[in-house]
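Start at 1 and go down the list; that is how both ligands and their atoms are numbered.
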Amino acid sequence: MAKRVLVKYSGEALAGESGFGIESKILDYLASEIKTLVENKIEVGIVIGGGNFVRGVSASKGGLIRRTSGDHMGMLATVINGVAMQEALEYYGIDVRVQSALEIKEVCESYINRRAIRHLEKGRVVIFVAGTGNPFFTTDTAATLRAIEIEAEMIIKATKVDGVYDKDPAKFSDAVMLEKISYEQALQDNIKVMDDTSIALAKDNSLPIVVCNMLREGNLLKVIQGDSCAVCSKVFN
Ligand code: GTP
């Protein structure tokens, strides 16, 4: 069983049907799933995207907003999501610290690797916000980077599908889920598990990527425990 993991949610995961903002019911559910991990003595880092508020690329599409500014806006959106998740986890009695790649000390701590590890060792969940602090890097890349930095044993990409498929399951009814896939295959076949930068970073550092469905209750714990009933796809060497 993995002892320390990093869970990556997309910002849209927090939104309801409108695809915008934060829906309390979903936030509550995600927090309760994380609580189960903490109760099982798993050290948890979390990264949440910001797409439920702003996506850097989309914001800059019209040409009015530069990509760099669009990405800054996106980074701030991840702070909103991180602070919301902190509140939800605290509601469940879990100790949480939010650490930001951008300095916003009135809102949360700044990212300090050694301090983050200390928090994790004390059983606190650490939510990493503001991406890597740099434009042109996705939150998937930020999550992979933080996972490597905190020496997590895996990065779990929590999605709305069960895993990685050979083709888009929304378009093809005969799409087959791949339980195991190599980094090379993920890159070569252009399987969009995560963006290429994240996959390359994970590959270079032998960090396994696990894709699983966050909506399957209890699945996250099973994935981490290596339970044979866990539903997920693994990308590794
Ligand atoms: P220990 O040193 O292990 O006791 O960790 P700790 O995080 O409990 O101690 P600390 O006194 O550093 O933090 C107490 C609270 O203040 C925690 O909720 C932190 O998240 C928060 N905190 C610490 N540094 C900052 C900061 O720079 N900005 C903000 N907004 N909060 C901070």
Q) Taking atom 2 (O) of ligand 1 as the point of reference, which of K122, H119, R118 owns the nearest heavy atom? A)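 Considering heavy atoms of K122, H119, R118, the nearest to atom 2 (O) of ligand 1 sits in K122.
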Q) Taking C-beta and beyond as the side chain, do Y183 and V235 meet within less than 4.5 Å on heavy atoms? A) yes
Q. Should the heavy atoms of other residues, nucleotides or ligands under 6.0 Å from NZ of K61 be counted, would the total exceed 12?
A. no
Q. Are any of the protein's heavy atoms under 4.0 angstrom from atom 15 (C) of ligand 1, yes or no?
A.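 No, there is no protein heavy atom closer to it than 4.0 Å.
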Q) With a 4.0 Å cut-off, strictly under, does atom 11 (O) of ligand 1 pick up any protein heavy atom? A) no
[X] contact mode with ligand 1 (heavy-atom cut-off under 4.0 Å):
| X | value |
| --- | --- |
| R124 | side chain |
| R115 | side chain |
| V107 | backbone |
| E109 | both |

Q) So, for F20 and F53, is the gap between ring centers shorter than 6.0 Å? A) yes
Q. Same hydrophobic cluster for V44 and L6, using side-chain heavy-atom links shorter than 4.5 Å among ILVMFWY?
A.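 Each belongs to a different hydrophobic cluster.
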Q) Hey, is ligand 1 close enough to S110 that some N/O pair sits below 3.5 Å? A) no
**Q.** Atom indices of ligand 1 within 4.0 angstrom of E106 heavy atoms, with elements
**A.**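 This gives 30 (N) as the contact atoms.
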Q. Do E109 and R115 meet the salt-bridge criterion of a basic N to acidic O distance under 4.0 Å?
A. yes
(Q) Taking the basic N atoms (NZ, or NE/NH1/NH2) and the acidic carboxylate oxygens, is any pair closer than 4.0 Å for E153 and K3? (A) no
Q: Give me the one residue out of T138, T139, T144 that meets side chain to side chain contact (heavy atoms under 4.5 Å, CB included) with T141.
A: T138
